[in-house]
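This report refers to the structure that appears directly beneath it.
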Amino acid sequence: MTTPVIGMENVGIAFNAQVRIGAPRFWALEDVSLTLNRGERLGVIGRNGAGKSTLLRTLAGIIEPDRGRITRAPVTCQLLSLAVGFMLHLSGRDNAVLSGLLLGLRRREIEKRLPAIHEFSELGDFFEQPISTYSTGMLARLGFSVAMQVEPEVLLIDEVLSVGDADFAKKSGAALRARIHGGTTVVFVSHSDAQIREVCDRALWIEHGRSVMQGDVDDVLRAYHARAPQTAAA
Amino acid sequence: MRLHYLELILFSTYAELRAERARSYLGVLWWIIEPAMNMAVYYLVFAIVLKTSQPDYIPFLLIGLTLWQWFKSCVSHGGYAIWQSLPLVRQVKVPVQVFPSVQVLADTVKFVFILALLLLILWGYGYAPNWAYLALVPVLLVELVFAAAIAYLFAAALPFLPDLRFVIEQVLQVTMFMSGVVFALDVVPVAWRGVFMLNPIAVLIDAGRGILMHGLWPNWSALGVVALISLALYAFASGLIAHLTPRYVKLPA
């Protein structure tokens, strides 16, 4: 259980502040180190703007580091992304295919999963209608149902554990938790202590783009709140 | 892996065309009506008002405009593609070349409709199909590669220099007049003619006219040079996009 799948050593990421030649850059991540072991569920805590989302996109391989080093075992690693690439004038079915392709599925894999997507999203006949006719809840249901079809070995989650109205929130939450606890390696960013405790078996605290502490969930949460008593636990 | 991206490009092209159809009342009909109206304007100005006396002017003009508009829409749509897809580029890991490719392919599908219309008109005028039509295949393929290359180049740069948007249209306008779309290059002073024929689009349009109007085979060496230039440019532009990809995601939203 302790084979590292991803390791980060002193990773820094700089963004351009403006679209202008010679524009200053700012460091969204200054110096982050972490190890992620196979089957582990790592929680990431930190204040707004600490670099949590940037960290996830770096783990996903979307952003390359400007300094430091990332080592990764040959595993698929993906953000749980909802409604990626959706186009308003296309049907739910076409959007499911398009989104699935963007998320890295092959065409025949998606076609095979369309009945499951159709059923899980509870869209009924609306599945064949343009998503411009959907309510917000329907869109969320379709987005979630498609995203769940992608089964990366390392799943990255940015806050969202469930979507939709009360009923669907319960169903989507249960499906995602089943995935999380089904042996998938997970990195979970959250502001909620309760969710971190529920989902994760280890935690990482980052502050101003630097990794401050990594270890046991309770220890890290305690240290985090000791440093910042004004941040109420959710 | 590669096949997966091909599937993504093809399905996105279908999605793009489908969405475009759904966005307007007349849908697919616009693929024909819009270029036809554009041609009508040029016809009005150059054939009727200015009474261009060149023989066979109408087929000459229509062929030029058909081949030109295809190139132009590929470049202007493809050129915007990466810039417009930045939100997606930040979200998923896909080769960024996908985005301009989709636009170029979508415009190529529309071009096929217009080409069919053009052929009907030409046949109506008495320009019969001939064996040289076979050469349309390489001529059009070269134009496709060239259009994709130029679209890629603009697409690569636009995210860093959004101001290029204001330049692209002007550059295209000038290029159009330098491509012999509306007037024959024979009217250009001899001193300038060589410069004009360095323009790949001029060579391609010239070849297209020769085939469709006179049953002439293209000048293979000129076409070969254009093909080589196009392929080299395409490879360079594609490599440039790959090289710049890590930087696109770091641009501000």
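Residue numbers start from 1 in every chain, and the chains themselves are labelled A, B, ... in the order their sequence lines are given, proteins ahead of strands.
Neither the backbone nor the side chain of A/A28 comes within less than 4.5 Å of any heavy atom of chain B. The part of B/P159 that comes within reach of chain A is its backbone (N, CA, C, O), which places non-hydrogen atoms under 4.5 angstrom from that chain. When heavy atoms are compared at a cutoff of 4.5 Å, B/V92 approaches chain A by way of both its backbone and its side chain. Using a 4.5 Å cut-off between heavy atoms, B/E16 contacts chain A through both its backbone and its side chain. Neither the backbone nor the side chain of B/V98 comes within contact range of chain A, judged by heavy atoms closer than 4.5 Å. Heavy atoms of B/Y248 lying under 4.5 Å from chain A are absent altogether. Contacts of A/L88 with chain B are absent, with no heavy-atom separation under 4.5 Å from either backbone or side chain. Of the atoms belonging to A/R57, it is side-chain heavy atoms, and not backbone ones, that fall under 4.5 Å from chain B. For a residue to count as touching a neighbouring chain, one of its non-hydrogen atoms must lie under 4.5 Å from one of that chain's; by this rule B/L88 touches chain A with the side chain only.
Listed here is the closest heavy atom pair of A/I62 and B/R90: CG2-O, 3.6 Å. The shortest heavy-atom contact between A/R107 and B/E7 is N-OE1, 2.7 Å. In this structure, A/L101 and B/F11 approach most closely via the heavy-atom pair CD1-CB, 3.4 Å. Residue A/D94 comes nearest to B/Y14 through the heavy atom pair OD2-OH, 2.9 Å, listed as atom of the first residue, atom of the second, then distance.
Other residues, nucleotides and ligands contribute only 12 or fewer heavy atoms inside 6.0 Å of the CD atom of B/E34. Other residues, nucleotides and ligands place more than 12 heavy atoms under 6.0 Å from the CD atom of A/E159. For A/R177, the CZ atom sits in a packed shell: over 12 heavy atoms of surrounding residues, nucleotides or ligands are nearer than 6.0 Å. More than 12 heavy atoms of other residues, nucleotides or ligands sit less than 6.0 Å from atom CZ of B/F177. Counting non-hydrogen atoms of neighbouring residues, nucleotides and ligands closer than 6.0 angstrom, the CZ atom of A/F126 reaches no more than 12 such neighbours. Counting non-hydrogen atoms of neighbouring residues, nucleotides and ligands closer than 6.0 angstrom, the CZ atom of B/F236 reaches no more than 12 such neighbours. By the 6.0 Å contact criterion, CG on B/D163 is enclosed, its count of non-hydrogen atoms from other residues, nucleotides or ligands being greater than 12. More than 12 heavy atoms of other residues, nucleotides or ligands lie within 6.0 Å of NZ in B/K110, so this atom counts as buried by the packing criterion.
Contact tally against chain A (heavy-atom pairs below 4.5 Å) for B/A19, B/A15, B/P246, B/S85: the top residue is B/A15. Highest contact tally toward chain B, considering only A/L79, A/L103, A/D66, A/N95, is held by A/D66 [criterion: heavy-atom pairs under 4.5 Å]. Taking chain B as the reference chain and counting heavy-atom pairs below 4.5 Å, the highest number among A/V97, A/T54, A/I13 is found for A/V97. Most heavy-atom pairs under 4.5 Å with chain B, from the set A/E64, A/Q78, A/R25: that is A/E64.
Side chains of A/N16 and B/F160 form no contact here, defined as non-hydrogen atoms less than 4.5 Å apart. Residues A/L102 and B/Q91 fail the side-chain proximity criterion, which asks for heavy atoms closer than 4.5 Å. Contact check for B/R18 versus A/L90: side-chain heavy atoms found under the 4.5 Å cut-off.
A distance of 6.0 Å separates CZ in B/R23 from CE in A/M87, rounded to the nearest 0.5 Å.
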